[in-house]
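Input: a single structure, listed below in structure tokens.
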Amino acid sequence: MATDLDGTALRTDGTVSPRTVAAFAKVEASGAALVFVTGRPPRWMSGVADAVRHHGLAICANGALIYDLHTEEIVESHLISAEVLEEVVAQLRANVPELAFSVEYEGGFAHESDFPLGGWDRKLVGGLRVGMTTLTSQPCAKLLALHPHMDPDRLHATVDDLVGHLVTSTHSSGRSLIEMSAHGVTKATALAVLAERHEINPSQTVAFGDMPNDLPMLAWAGTSYAVANAHPKVLAAVDHVTAANNDDGVALVLEKLYR
């Protein structure tokens with residue numbers, strides 16, 4: 001069983017409800033594999049790790065990082081090279097000059113001075129504020145580009161046209177924020193590798209999601225669910241729709257599947 005976190009298994013305030021925690025326990029008790037597949041970086045995973053008693057693995061940064069919830073350590077990485085990172089930023093800045101950039105490294109977060117921090121990073125006192133030369137000087141798990149007002153779907157299409165041959169882009173937050181991973185790296189590619197290692201076929205996998213960054217994973221899984229609050233593209237792509245994240249939609253399904 002694989003599930004996205006924010007907007008899907010987690011409530012809008014970022015918490016894991018007691019009902020969802022109990023449903024996750026049912027999955028584990030059955031002997032099935034439970035994998036969290038998220039756009040979150042590992043530095044945002046401590047609360048989730050605590051809620052599930054530090055069991056299992058998480059696929060973080062849209063497939064770029066595999067994170068052990070028991071040890072709270074990154075165990076596998078698929079990074080954007082510094083050379084590609086520099087070229088991507090140069091092409092985007094030349095064509096969409098309003099963009100501001102930030103970067104998720106394996107061990108931290110850095111951003112340009114004019115990059116407005118989201119709620120989680122404001123709570124966590126943000127990251128290192130640096131110039132662009134420093135920002136692109138080392139490999140990273142995820143490059144983020146924020147536009148002050150463009151529609152997220154339109155911005156995603158624009159970014160994909162400009163640099164889709166260099167990186168894989170998506171969006172997940174509802175903001176005009178595009179998330180870029182190494183070329184070909186998605187939630188689905190990381191989940192497929194883990195599944196193969198455990199001799200699990202796609203047909204045996206149930207996956208849950210809510211945003212466009214979940215689409216590759218939902219297409220790969222044998223059975224796919226969207227929560228009712230999902231992006232229209234996700235609602236159109238899945239096999240089933242469950243209740244919204246704030247109504248424990250994932251737990252509702254798991255309680256039926258893992259009695």
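Position 1 is the first residue of the sequence; numbering continues from there. These numbers come from a predicted model, not from an experiment.
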Find out whether [X] and [Y] are in side-chain contact, i.e. whether some heavy atom of one side chain is under 4.5 Å from a heavy atom of the other.
| X | Y | result |
| --- | --- | --- |
| His70 | Leu57 | no |
| Ile59 | Thr38 | no |
| Ser81 | Pro139 | no |
| Thr186 | Met217 | no |
| Val21 | Val52 | no |
| Cys60 | Pro42 | yes |
| Arg175 | His147 | no |
| His171 | Leu155 | no |

Where is the tightest heavy-atom contact between [X] and [Y], given as atom of each residue plus distance?
| X | Y | answer |
| --- | --- | --- |
| Ala64 | Ala141 | CB-O, 3.5 Å |
| Tyr258 | Lys26 | O-CD, 3.6 Å |
| Thr168 | Gly184 | OG1-N, 2.7 Å |
| Thr3 | Ala9 | OG1-CB, 3.8 Å |
| Ala61 | Ser181 | O-OG, 3.8 Å |
| Gly63 | His78 | O-CD2, 4.0 Å |

Are the side chain of [X] and the backbone of [Y] linked by a donor-acceptor contact shorter than 3.5 Å?
| X | Y | answer |
| --- | --- | --- |
| Asp151 | Arg154 | yes |
| Lys142 | Gly39 | yes |
| Asp247 | Gly249 | no |
| Lys187 | Val37 | yes |
| Asn245 | Leu10 | yes |
| Ser30 | Ala32 | yes |
| Ser224 | Asp239 | yes |
| Ser77 | Leu79 | no |

Should [X] and [Y] be regarded as members of a common hydrophobic cluster, given that ILVMFWY residues are connected when their side-chain heavy atoms come within less than 4.5 Å of each other, either directly or indirectly?
| X | Y | answer |
| --- | --- | --- |
| Val167 | Ile178 | yes |
| Leu99 | Val88 | yes |
| Ile66 | Leu191 | yes |
| Leu254 | Val227 | yes |
| Val250 | Val16 | yes |

Is the closest side-chain donor-acceptor distance between [X] and [Y] under 3.5 Å?
| X | Y | answer |
| --- | --- | --- |
| His231 | Asp214 | no |
| Ser203 | Asn201 | no |
| Ser137 | Thr134 | no |
| Ser169 | His156 | yes |
| Asp248 | Ser17 | yes |

Quiz item: What's the verdict on side chain to side chain contact (heavy atoms under 4.5 Å, CB included) for Val185 and Asn62, showing C-alpha distance, side-chain angles and the deciding distance?
Solution: CA-CA 8 Å; Val185 172; Asn62 293 327; over 6 Å; no
Exercise. Would you please test Asp153 and Lys233 for side chain to side chain contact (heavy atoms under 4.5 Å, CB included) and show each step?
Key: CA-CA 10 Å; Asp153 289 327; Lys233 288 184 179 179; 4.2 Å; yes
Quiz prompt | Over 12 non-hydrogen atoms of neighbours within 6.0 angstrom of CD in Glu255 | solution =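 For Glu255, atom CD is crowded (more than 12 foreign heavy atoms under 6.0 Å).
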Quiz item: Any chance CD of Gln204 has more than 12 other-residue heavy atoms, nucleotides or ligands included, within less than 6.0 Å?
Solution: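 Yes, the 6.0 Å shell around CD holds more than 12 heavy atoms from other groups.
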How many angstroms lie between atom [atom1] of [X] and atom [atom2] of [Y], to the nearest 0.5 angstrom?
| X | Y | atom1 | atom2 | value |
| --- | --- | --- | --- | --- |
| Ile200 | Met1 | CD1 | CE | 11.5 Å |
| Glu98 | His149 | CD | NE2 | 5.5 Å |
| Tyr67 | Glu106 | OH | CD | 12.5 Å |
| Glu72 | Met45 | CD | CE | 9.0 Å |
| Asp6 | Arg11 | CG | CZ | 14.5 Å |
| Met180 | Leu144 | CE | CG | 7.0 Å |

Self-check item: Residue that, paired with Val89, satisfies side-chain contact (heavy atoms from CB on, under 4.5 Å) out of Leu135, Val163, Thr136
Solution: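 Among Leu135, Val163, Thr136, the one meeting side-chain contact (heavy atoms from CB on, under 4.5 Å) with Val89 is Thr136.
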Practice problem: Could you check Asp210, Asp4, Thr8, Leu218 and say which one makes a side-chain contact (heavy atoms from CB on, under 4.5 Å) with Val234? | Solution: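 Among Asp210, Asp4, Thr8, Leu218, the one meeting side-chain contact (heavy atoms from CB on, under 4.5 Å) with Val234 is Leu218.
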Exercise. Inspect the contact between Glu112 and Arg93 and indicate whether a charged nitrogen and a carboxylate oxygen are less than 4.0 angstrom apart.
Key: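 Salt bridge: yes.
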Quiz item: Please walk me through it: do Glu179 and Ser172 pass side chain to side chain donor-acceptor pair (under 3.5 Å)?
Solution: CA-CA 8 Å; Glu179 305 165 45; Ser172 66; 2.4 Å; yes
Quiz item: Parallel, tilted or perpendicular: which describes the rings of Phe109 and His111, with under 30° parallel and over 60° perpendicular?
Solution: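 Taking His111 first and then Phe109, their aromatic rings lie parallel (interplane angle under 30°).
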Quiz item: Could you give all pairs that pass the salt bridge (charged side-chain N to carboxylate O under 4.0 Å, His left out) test and reach residues 52-64, with sequence neighbours left out?
Solution: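 Output for this query lists Glu28-Arg53.
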Exercise. Measure from the ring center of Phe36 to the ring center of Phe24 and say whether it is less than 6.0 Å.
Key: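 Yes: the rings meet the under 6.0 Å criterion.
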Practice problem: Apply side chain to side chain contact (heavy atoms under 4.5 Å, CB included) to the pair Phe101 and Leu92, showing each step before the final yes or no. | Solution: CA-CA 10 Å; Phe101 294 93; Leu92 292 177; 3.8 Å; yes
Practice problem: Give the C-alpha distance, both sets of side-chain angles, the deciding distance and a yes or no for side chain to side chain contact (heavy atoms under 4.5 Å, CB included) between Val206 and Tyr225. | Solution: CA-CA 8 Å; Val206 180; Tyr225 282 85; 3.8 Å; yes
Quiz item: For Arg197, which residues count as a side-chain contact (heavy atoms from CB on, under 4.5 Å) partner, sequence neighbours excluded?
Solution: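 Listed in chain order: Glu76, Val193, Leu194.
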